[in-house]
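Inspection log for the structure reproduced underneath, given as structure tokens.
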Amino acid sequence: MPTDFSSALARLLKDAELRRRFRDDPAATVDELLSEPSDRAALLEVDPDQLDEQAEGLVRKRFTEVAKLLPRSMASLGASAFSFFSEHAANFWPEGRRRHIDDAASFARYLRRRGVSAACEAELNAAIFAGGERLVAVRLSRIIVGRRRRRALQILFRHPRPTRQIFFYLGALG
Amino acid sequence: MMVGVGYRHALAAWISQKPRDIQCLEITAEHFFCGGENRLRELRQTFPLFVHGLGLSLGTPGPLDTGVLADFERVVRAADPLWISEHVAFTRTSEVDLGHLNPITPSRTTLRVMVDHARELADRCGKPLILENITTHLRLTGELSEPEFLSELCREADCGLLLDVTNLFINSRNHDFDPVGWLDQLNCSRIVQLHIVGYSVREERYVDGHSDPVQQELLDLLREVVRRAPVRAVILERDHDFPRPEILAQELSVIRDAARASDLPASNGSRPAEGRASAHAH
């Protein structure tokens, strides 16, 4: 659907596949995105490398915000944290006021699906809970007791925000 | 000239002690969209406040988002700031919410959009408005240069400029231009407030991570701006990796000294002051 310059730019920034097509065949992609002649010329002047940098910058800003909500997991993932996040970001784009919470919840689900053991289990539980609608949840989790990871019950509830949580250490399961 | 910080929850305990180093506070409107108005009423008893918006997306063609505008206005009512600010940028369109700031083309068409939205925002809030330059990896071209666009925008919307010194510096490095030459093209009499925070470098590109101490080149550029402009306030815009309060206080002191060194010629009051923002701010 033909649209204005900002809308076309926004679609390019969000969609890596569209950026790849823009790089390969700018004229055809611009025709697909908009019809206004003055906008067309301006969009054709956009540097594909700069477009990719701007798009990565947006993902890095998302990453920074999510890292505040998942600090232990991000620290544990270390240098690979951003590459995991980039994979997640390619398939999920948060919108609206709860975008950072939704992004963190979606990233937590992604890490769990991928079976990334370095992530902090209790933190992922809390992020997924915060991104949902439930008022209370009980999860089996792990916490560090002394120097050992132990099984624990994690009780999550809204109070009303942010999410509060209580851990019960279950020695018998440790 | 006042020197202060952007209000962040991580700094709340320090700010509550009313340290002498903090002369003013900038409130990010979106941080108070879900509540906290009583805190704003407390803060305004102690500090001059400015309300800064991130998500009004003034550069998007079409009407402003009424929900965001209403929330912004509510924060302004609670904070009763000296002035309000937003960015020369867009964050969303009717189809896509990008969530962060992106550049607009410096064209006559875009200028009209920005002017209309800036006037609407200032009128709605009943406060002087200043607009901020952003940092961007994208270098968009239009009929005007960026400083020409900003000068025209301030003149036509009758508003002031919030010059982000770090953004100017980063753009000049990433896009290979002279920041002082950029200032030569700008109507500096419109500058009311400055932002400054240290930059970082990643893969040979300069980045505004809002997490680093202010570097010497930035202080040099700040001096150059203050020498030219009737700056009323400088805000240290730290968002992450906060150092201890005494380190931040020292950084504010360095900024204040740099600004004061440049500000001496202004003590005779001969600086130009024009436009709605300056008129209200004086």
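Residue numbering restarts at 1 for every chain, and letters A, B, ... go by the order of the sequence lines. Keep in mind that this is a model prediction, so the values were computed, not measured.
When heavy atoms are compared at a cutoff of 4.5 Å, Arg205(B) approaches chain A solely by way of its side chain, counted from C-beta outward. Of the two parts of Asp71(B), only the side chain, counted from C-beta on, holds a non-hydrogen atom closer than 4.5 Å to a non-hydrogen atom of chain A. Heavy atoms closer than 4.5 Å to chain A are found nowhere in Thr60(B), neither backbone nor side chain. Only the backbone of Asp239(B) has a heavy atom closer than 4.5 Å to any heavy atom of chain A. His175(B) touches chain A through its side chain: at least one heavy atom from C-beta onward sits under 4.5 Å away, while N, CA, C and O do not. Heavy-atom distances place the side chain of Leu140(B), and not its backbone, under 4.5 Å from chain A.
In this structure, the side chain of Glu86(B) engages the main chain of Leu54(B) through a donor-acceptor pair within 3.5 Å.
When Leu98(B), Thr91(B), Thr93(B) are compared by the number of non-hydrogen pairs under 4.5 Å with chain A, Leu98(B) comes out ahead. Ranked by heavy-atom pairs under 4.5 Å with chain B, the first of Arg60(A), Glu45(A), Lys14(A) is Arg60(A). Per-residue counts of heavy-atom pairs under 4.5 Å with chain A were compared for Glu30(B), His100(B), Arg92(B); the largest is that of His100(B). Taking His100(A), Lys68(A), Glu56(A) one by one and counting their heavy-atom pairs under 4.5 Å with chain B, the maximum is reached by Lys68(A). With chain B as the partner, the residue from Asp47(A), Leu43(A), Leu51(A) showing the most heavy-atom pairs under 4.5 Å is Leu51(A).
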Walk me through it: do Phe149(B) and Thr105(B) pass the test side-chain contact (heavy atoms from CB on, under 4.5 Å)?
-> CA-CA 9 Å; Phe149(B) 184 88; Thr105(B) 48; over 6 Å; no

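Between Ile104(B) and Met114(B), the closest side-chain pair of non-hydrogen atoms falls below 4.5 Å. For the pair Glu237(B) and Thr166(B), the minimum side-chain heavy-atom distance is 4.5 Å or more. Contact check for Ser85(B) versus Phe50(B): no side-chain heavy atoms found under the 4.5 Å cut-off.
In summary, the side chains of Asp103(A) and His88(A) do present a donor paired with an acceptor at a separation below 3.5 Å, with no hydrogens or angles considered. Between the side chains of Tyr199(B) and Arg173(B), no donor-acceptor pair is found at a separation under 3.5 Å.
Relative ring orientation between His9(B) and Tyr7(B) is described as perpendicular, the plane-to-plane angle rising above 60° on a 0-90° scale split at 30° and 60°.
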